[in-house]
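One is the number of the first residue; the rest follow in order along the sequence. Both ligands and their constituent atoms are indexed starting at 1 by order of listing. Atom set for the values below is all heavy atoms of this structure, side chains included, hydrogens, waters and symmetry mates excluded.
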Amino acid sequence: MRVALRLLMKVFVTRRIPQEGLAVLSQAADCTVQQWDSDEPIPQKELLAGVAGKDGLLCLLSEQIDRAVLDAAGPNLKVISTLSVGFDHLALEEIKKRGIRVGYTPDILTDATAELSVALLLATCRRLPESVEEVKNGGWTTWKPLWMCGYGLSNSTVGILGLGRIGQAIARRLKPFGVKRFLYTGCHPKPEMAAEFQAEFVPLTKLAEESDFVMVTCSLTPDTKGMCNKNFFCKMKKTAVFINTSRGAVVNQDDLYQALVSGEISAAGLDVTTPEPLPTDHPLLSLKNCVILPHIGSATYATRNTMSALAANNLLAGLRGESMPSELKL
Ligand code: NDP
Ligand code: DGY
């Protein structure tokens with residue numbers, strides 16, 4: 001009698017991930033898991049060594065999966081599963097050329113990220129961090145009619161740069177605040193999506209000129225890189241507030257700094273920066289009218305657990321040659 005021997009598939013996980021995802025991988029009888037078991041980023045040397053000879057890679061947005069990593073992995077690598085919806089850290093052309101499948105985590109983080117975007121908008125336009133600071137440092141001397149005023153959402157115009165999953169979820173949450181008008185830009189109009197908010201598709205310039213609040217929710221691509229620059233900020237209203245929860249590189253940060261310092265725009269809230277983490281002596285951090293968060297858009301316990309399980313299931317399905325729960329079309 002002949003017994004068919006199936007080789008175990010080898011998987012590399014580049015960081016400590018939530019338990020749910022790890023459990024999915026450890027319970028898979030057909031794979032062995034090696035992990036960089038730390039909350040801190042894997043050094044490049046360890047990444048190159050860890051990925052060598054693996055069939056599957058579960059990675060994070062903070063790792064650049066480029067030609068060097070793919071070469072180090074070698075020809076066995078069949079699936080890359082990223083614990084993110086953004087995939088700008090993956091060298092997709094090269095990945096496609098090598099016939100590697102890619103999994104990612106859309107939809108399940110949309111609510112958490114939209115919620116955080118709205119929280120950041122409110123914190124920025126109503127000056128919450130600055131106000132909290134004043135309470136602590138004794139700046140709160142009495143109730144003053146002209147003190148700590150900001151801009152409210154009622155009757156405002158909100159411009160959404162990229163009306164995708166998260167952009168729409170933000171508009172849905174902002175509508176009950178009394179926003180009067182929604183504008184959006186993108187690669188093409190999306191009348192079905194826009195109908196819910198009566199959102200108007202407009203050129204980027206018009207969005208900059210007419211919005212009281214600009215929400216950046218597009219993906220980072222060669223076209224969107226540096227899109228929010230001097231030209232963009234100088235067209236915005238002086239009273240306008242700029243929020244970015246997409247990727248830091250969509251914004252030219254030097255131009256943003258100048259716009260904030262010169263009063264060209266009123267305030268900015270950023271959940272994403274270049275680089276990440278932003279150095280603690282970065283000029284943007286010296287500004288009272290700039291609120292910066294450490295990339296926590298999807299950071300709820302439930303969302304991160306679900307993301308890790310989805311990333312693990314994407315990886316296993318891809319390795320088994322099955323359809324993935326969320327596969328990126330290359
Ligand atoms: P979607 O793919 O649903 O949306 C991306 C949007 O970007 C689309 O509406 C697309 O427009 C738009 N876009 C692409 N190119 C351009 C362009 N040249 N000009 C204007 N808009 C453009 O993705 P999600 O909504 O799920 O996620 C969006 C991004 O948010 C992710 O790629 C990621 O970078 C970031 N993100 C950040 C998080 C955080 O923690 N801060 C959490 C989750 C995501 P069109 O439809 O017309 O092509
Ligand atoms: C993503 O998923 O792209 C975010 O930036 C982190 O959740």
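At a 3.5 angstrom cut-off on N or O pairs, C187 counts as close to ligand 1. For ligand 1, one of its N or O atoms has an N or O atom of I166 under 3.5 Å away. The distance criterion of under 3.5 Å between nitrogen or oxygen atoms is met by S219 with respect to ligand 1. Residue R247 places at least one N or O, backbone or side chain, under 3.5 Å from an N or O of ligand 1. Below 3.5 Å of separation, one finds an N or O of G297 facing an N or O of ligand 1. Of the polar atoms of G164, at least one N or O is found under 3.5 Å from an N or O of ligand 1, judged by distance alone.
A side-chain donor-acceptor contact under 3.5 Å links S84 and T82. Using a 3.5 Å distance cut-off with no hydrogens or angles, the side chains of Q34 and K54 do pair a donor with an acceptor. The closest side-chain donor-acceptor pair between S298 and R304 falls under 3.5 angstrom. Looking at S246 and N244, their side chains do bring a donor and an acceptor atom within 3.5 Å of each other.
Of the charged side-chain nitrogens involved, none lies within less than 4.0 Å of a carboxylate oxygen, so that K136 and E133 do not count as a salt-bridged pair. A salt bridge is absent between E93 and K97: the closest approach of a Lys/Arg side-chain nitrogen to an acidic carboxylate oxygen does not fall below 4.0 angstrom. Between E327 and R101 there is a salt bridge, since at least one side-chain N of the basic residue sits less than 4.0 Å from a carboxylate O of the acidic one. Here K238 does not pair with E264 in a salt bridge; the nearest charged N to carboxylate O distance is not below 4.0 Å. Under the 4.0 Å criterion applied to side-chain N and carboxylate O atoms, R67 and E94 are assigned as salt-bridge partners. The pair D55-K78 meets the salt-bridge criterion, since a charged nitrogen lies less than 4.0 angstrom from a carboxylate oxygen.
Two rings, from F213 and F242, have their centers 6.0 Å or more apart.
Residue D271 approaches ligand 1 through these ligand atoms, each under 4.0 Å from one of its heavy atoms: 39 (C), 40 (O), 41 (N). Within ligand 1, counting atoms from 1 as listed, the ones closer than 4.0 Å to a heavy atom of G186 are 20 (C), 21 (N), 47 (O). For ligand 1, the atoms closer than 4.0 angstrom to any heavy atom of M227 are 17 (C), 18 (N), 19 (N). For ligand 1, the atoms lying closer than 4.0 Å to a non-hydrogen atom of T245 are 35 (C), 36 (N), 37 (C), 38 (C), 39 (C), 41 (N). For ligand 1, the atoms lying closer than 4.0 Å to a non-hydrogen atom of H295 are 39 (C), 40 (O), 41 (N).
The option from H89, R165, Q168, K190 that lies nearest to atom 23 (O) of ligand 1, judged by heavy atoms, is R165.
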What pairs of donor and acceptor atoms, side-chain ones from residues 280-287 against any protein atom, are under 3.5 angstrom apart with sequence neighbours left out?
unit_1, atom_1, unit_2, atom_2, d
H282, ND1, L284, N, 3.0
S286, OG, P283, O, 2.6

Which pairs of donor and acceptor atoms, one on a side chain in residues 39-48, lie under 3.5 Å apart (sequence neighbours left out)?
unit_1, atom_1, unit_2, atom_2, d
D39, OD2, R16, NH1, 3.4

Quiz: residues 147-167 side-chain donor-acceptor pairs under 3.5 angstrom, not counting sequence neighbours:
unit_1, atom_1, unit_2, atom_2, d
S156, OG, L153, O, 2.6

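Contacts of ligand 2 (protein heavy-atom distance under 4.0 Å) are L61, S84, V85, G86, L109, R247, H295, S298, M307.
Looking only at heavy atoms of the protein, atom 35 (C) of ligand 1 is closest to S246 O, 3.6 Å. Taking atom 28 (C) of ligand 1 as the reference point, the nearest protein heavy-atom neighbour is T217 O, 3.5 Å. For atom 31 (C) of ligand 1, the nearest non-hydrogen atom of the protein is V85 CG1, 4.0 Å. At the shortest separation from atom 29 (C) of ligand 1 among protein heavy atoms lies C218 O, 3.7 Å.
In this structure, S298 counts as a contact residue of ligand 1, since one of its heavy atoms falls inside 4.0 Å of the ligand.
In this structure, atom 10 (C) of ligand 1 is not in close contact with the protein, since no protein heavy atom lies within 4.0 Å of it.
Neither the backbone nor the side chain of L220 comes within 4.0 Å of ligand 1, counting heavy atoms alone. Of the heavy atoms in T110, none comes closer than 4.0 Å to ligand 1. Only the side chain of T224 comes within 4.0 Å of ligand 1, counting heavy atoms alone; its backbone N, CA, C and O stay farther away.
Counted within 6.0 Å of NZ on K230, heavy atoms from surrounding residues, nucleotides or ligands total 12 or fewer; the atom is thus considered open.
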> Yes or no on side chain to side chain contact (heavy atoms under 4.5 Å, CB included) for L278 and Q253, after CA distance, side-chain angles and deciding distance?
Replying inline: CA-CA 11 Å; L278 197 65; Q253 282 179 181; 3.9 Å; yes

